[in-house]
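These notes are about the structure you will find just below.
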Amino acid sequence: MTEPRRGVSPPVAVAFAAVGFFALLIAGFGMLSLLSGAEVIAVPGLGPLPGAIATGAATVVFAVTTWVAVRRRHPSFGAAVVIVIATFLAYLAGLAVGAVFAATDAARTAAAIGAFATSWFALVLAAAALVAGWAGIALIRTRAGRPRWPWEQDDRP
C-alpha cells in the first residue's frame with residue numbers, strides 16, 4: 001500500500017526558501033544594477049559593509065519568519081506578506097547597523113536608507129522575499145515529496 005505523501009519537513013522548506021531568497025536577491029540586484037547602471041546603495045563613501053550586513057540581516061529575518069510561518073499545521077499563503085514586510089524592514093535596519101559599523105555619519109546613513117527604500121532595488125528585495133516565501137510555504141502545503149522512480153511505488157510486500 002502506498003503511504004500518503006507528507007511533504008517536506010519545515011527545516012528543509014526553510015533551507016530551500018532561504019537559499020532561494022538569497023540567490024534571487026543577489027541575482028536581482030546584479031541584473032538591475034547592470035541594466036540601470038545604478039548601484040544598490042547609491043550613497044558614496046559607505047563602502048561594502050552596510051550592504052553585506054543588510055543582506056545578511058534580511059536573509060536571517062527571512063529564514064526566521066518563514067520558519068514561524070511553516071511550523072503551523074496548515075500554513076497560510078498570506079504569511080508571505082508578513083515575510084516580505086519583515087525582510088524589507090530587516091534590510092533597512094541592517095543597512096543602518098552596517099553604516100554605524102562603517103563609521104558613517106547620520107546624514108549619509110539616513111540618505112542611504114531613504115535612497116534604497118525608494119529605489120527599484122527595494123522592489124527587487126520585496127519580490128525575492130515574496131517568491132521565496134511563497135515557495136517555502138508551498139513546499140509544506142502541497143505535500144511535495146522527493147522524486148520517486150516508478151518501481152518505488154509498487155505495492156509489493
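Computed over heavy atoms, backbone and side chain alike; hydrogens, waters and symmetry mates excluded. In this chain, residues are counted from 1 in sequence order. Computed from a predicted structure; not experimentally measured.
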Quick check: does any side chain N or O of Arg141 sit under 3.5 Å from a backbone N or O of Ser76, one acting as donor and the other as acceptor?
no

Distance (rounded to the nearest 0.5 Å) between Leu125 CG and Leu32 CG
12.0 Å

Ile113 CD1 to Thr118 OG1 distance, which is reported to the nearest 0.5 Å
11.5 Å

Can you name the nearest heavy-atom pair linking Ala129 to Ile83, along with the distance?
O-CG2, 4.3 Å

Is there side-chain contact between Leu24 and Val131, with at least one heavy-atom pair below 4.5 Å?
yes

Could you give me the CA-CA distance, side-chain angles and deciding distance for Trp120 and Val124, then say whether side chain to side chain contact (heavy atoms under 4.5 Å, CB included) is met?
CA-CA 6 Å; Trp120 288 105; Val124 168; 5.6 Å; no

Would a hydrophobic clustering, with Ile, Leu, Val, Met, Phe, Trp and Tyr connected at side-chain separations under 4.5 Å, put Val82 with Leu89?
no

Verdict with reasoning, Phe62 to Phe88, per side chain to side chain contact (heavy atoms under 4.5 Å, CB included):
CA-CA 9 Å; Phe62 173 85; Phe88 183 77; over 6 Å; no

Quick one: closest heavy-atom pair of Leu46 and Ala112, and the distance?
CD1-CB, 3.4 Å

Quick one: closest heavy-atom pair of Gly51 and Leu95, and the distance?
N-CD1, 4.4 Å

Determine the minimum heavy-atom distance between Leu139 and Ala13, stating which atoms define it.
CD1-CA, 3.9 Å

Under the side chain to side chain contact (heavy atoms under 4.5 Å, CB included) criterion, do Phe101 and Val97 qualify, and how do the steps go?
CA-CA 6 Å; Phe101 281 130; Val97 169; 3.5 Å; yes

With a 4.5 Å cut-off on side-chain heavy-atom distances among I, L, V, M, F, W and Y, is there a chain of contacts connecting Val61 to Val70?
no

Verify the cluster assignment for Leu130 and Leu123: are they in a single hydrophobic cluster under the rule of side-chain heavy atoms below 4.5 Å apart?
no

Is a side-chain N or O of Ser119 found less than 3.5 angstrom from the main chain of Phe116, in a donor-acceptor match?
yes

Single-linkage hydrophobic cluster, 4.5 Å side-chain cutoff, Val12 and Val60 together:
no

So, using side-chain contact (heavy atoms from CB on, under 4.5 Å) as the criterion, who are the partners of Thr59 when residues are at least two apart?
Phe21, Phe22, Thr55

If you measure from OG on Ser36 to CE on Met31, what distance do you get to the nearest 0.5 Å?
10.5 Å

same_hphob_cluster(Ile137, Trp134) at 4.5 Å side-chain heavy-atom cutoff
yes

For Phe29 and Phe121 the tightest heavy-atom approach is CE2-O, 3.3 Å

Which heavy atom of Ala117 sits nearest to which heavy atom of Leu92, and what is that distance?
CB-CD2, 4.2 Å

